[in-house]
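Remarks on the structure that follows.
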Amino acid sequence: MAAAQPRPAALGGKPGRAAEGRAMEAAGGEERVLLIQRLKAAVHYTAGCLCQEVAEDKGVQFSKQSIAALSEITFRQCETFARDLEMFARHAKRSTVTTEDVKLLARRSSSLLKYITQKSEELASSNMEQKEKKKKKGGITSGEQAAAMMEREDSKMA
């Protein structure tokens, strides 16, 4: 005797796990699409504002098409940067992107690399000053000790 087969959801049966998974993916996919649209709109708005500033400073005009093209190129480049940063971190067997990954990404532009290195050093010294103040104020927590050890290990890898 053949085993009873479950009825498809369309025929009044319960949806299977695969169908539920696809439904959840579709909902997540829709949310992702909405987030991407919002990001693209923000990039377009920012590009428009920057073009307007340049237009006022230099006395030039930007067409709507050129602003749209600039926005699209910028968004695609940011996607590429994000993928590259993820790959750099993954290659180093980390799940977190660090300043070293950003420096590696910027290595082709010496002026950008110099700027990022300078800002990174400023942040590091500022963080060290804050840690020193906390040490003087009171004891360091175990979470802060672990974070400090991780930072030291990251800096040794560089």
Side-chain angles (χ1 to χ4, degrees), residues 9 15-134 140-158:
R17 289 183 187 224
E20 288 175 355
R22 285 191 299 272
M24 288 174 64
E25 272 183 28
E30 290 173 16
E31 187 175 329
R32 179 176 162 78
V33 168
L34 290 173
L35 287 172
I36 289 171
Q37 287 175 343
R38 287 181 60 194
L39 279 172
K40 282 186 175 183
V43 169
H44 183 77
Y45 174 77
T46 303
C49 290
L50 290 171
C51 288
Q52 187 175 6
E53 283 181 30
V54 170
E56 290 170 2
D57 288 347
K58 305 293 182 187
V60 295
Q61 293 289 318
F62 290 92
S63 69
K64 289 182 180 182
Q65 293 86 358
S66 64
I67 294 171
L70 182 64
S71 300
E72 184 64 26
I73 291 167
T74 302
F75 190 82
R76 288 184 185 184
Q77 189 64 47
C78 287
E79 286 180 317
T80 302
F81 288 162
R83 278 192 300 274
D84 288 348
L85 289 168
E86 271 186 289
M87 290 296 125
F88 295 157
R90 190 176 297 158
H91 178 74
K93 296 179 177 37
R94 289 183 275 106
S95 59
T96 304
V97 172
T98 65
T99 54
E100 296 306 314
D101 299 323
V102 177
K103 290 177 190 177
L104 185 59
L105 182 70
R107 70 190 180 279
R108 291 189 183 126
S109 171
S110 58
S111 60
L112 180 59
L113 180 58
K114 182 179 176 183
Y115 179 80
I116 289 172
T117 302
Q118 176 189 358
K119 290 297 177 185
S120 174
E121 289 169 358
E122 287 174 11
L123 283 171
S125 66
S126 173
N127 287 341
M128 292 302 281
E129 289 172 9
Q130 289 177 352
K131 286 179 184 179
E132 291 299 320
K133 286 179 184 177
K134 282 185 179 180
I140 244 178
T141 66
S142 61
E144 291 171 337
Q145 286 176 338
M149 286 174 51
M150 292 288 281
E151 275 188 33
R152 278 188 236 122
E153 290 176 7
D154 282 347
S155 65
K156 287 179 186 175
M157 291 178 154

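Predicted model only: the values in this text are computed from it and were never measured.
- Shown here for R94 and F88, the closest heavy-atom pair between the two residues is NH2-O, 4.3 Å.
- Checked for salt-bridge contact, E122 and K119 meet the test: a charged N lies under 4.0 Å from a carboxylate O.
- For the atom pair CD of E79 and CD1 of I36, the computed distance is 6.5 Å after rounding to the nearest 0.5 Å.
- Taking the side chain as every heavy atom from C-beta outward, V43 and C78 never approach each other to under 4.5 Å.
- For the pair V102 and L85, the minimum side-chain heavy-atom distance is below 4.5 Å.
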Q) When you look at K103 and E100, which way does the salt bridge (charged side-chain N to carboxylate O under 4.0 Å, His left out) test go after all the steps? A) CA-CA 5 Å; K103 290 177 190 177; E100 296 306 314; 3.3 Å; yes

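- The heavy-atom pair separating T96 from D101 by the smallest distance is O-OD2, 3.9 Å.
- L113 and A106 get closest at one heavy-atom pair: CB-O, 3.7 Å.
- Counted within 6.0 Å of CZ on R107, heavy atoms from surrounding residues, nucleotides or ligands total more than 12; the atom is thus considered enclosed.
- Ion pairing of R76 with E72 is present here, as a side-chain N (NZ or NE/NH1/NH2) and a carboxylate O approach within less than 4.0 Å.
- Taking the side chain as every heavy atom from C-beta outward, I67 and K64 never approach each other to under 4.5 Å.
- Side-chain contact between V54 and F62: present, with at least one pair of heavy atoms (C-beta onward) separated by less than 4.5 Å.
- The structure places SG of C51 at 11.0 Å from CD of Q61, a figure rounded to the nearest 0.5 Å.
- Across every non-hydrogen atom of L70 and T74, the tightest pair is O-OG1, 2.7 Å.
- More than 12 heavy atoms of other residues, nucleotides or ligands sit less than 6.0 Å from atom CD of Q118.
- Note that OG of S111 is 11.5 Å distant from OH of Y115, once rounded to the nearest 0.5 Å.
- Distance check: Q77 CD to D84 CG gives 8.5 Å after rounding to the nearest 0.5 Å.
- With rounding to the nearest 0.5 Å, the separation of OG1 in T99 from CD in E121 is 10.0 Å.
- At least one side-chain heavy atom of Q130 sits less than 4.5 Å from a side-chain heavy atom of N127.
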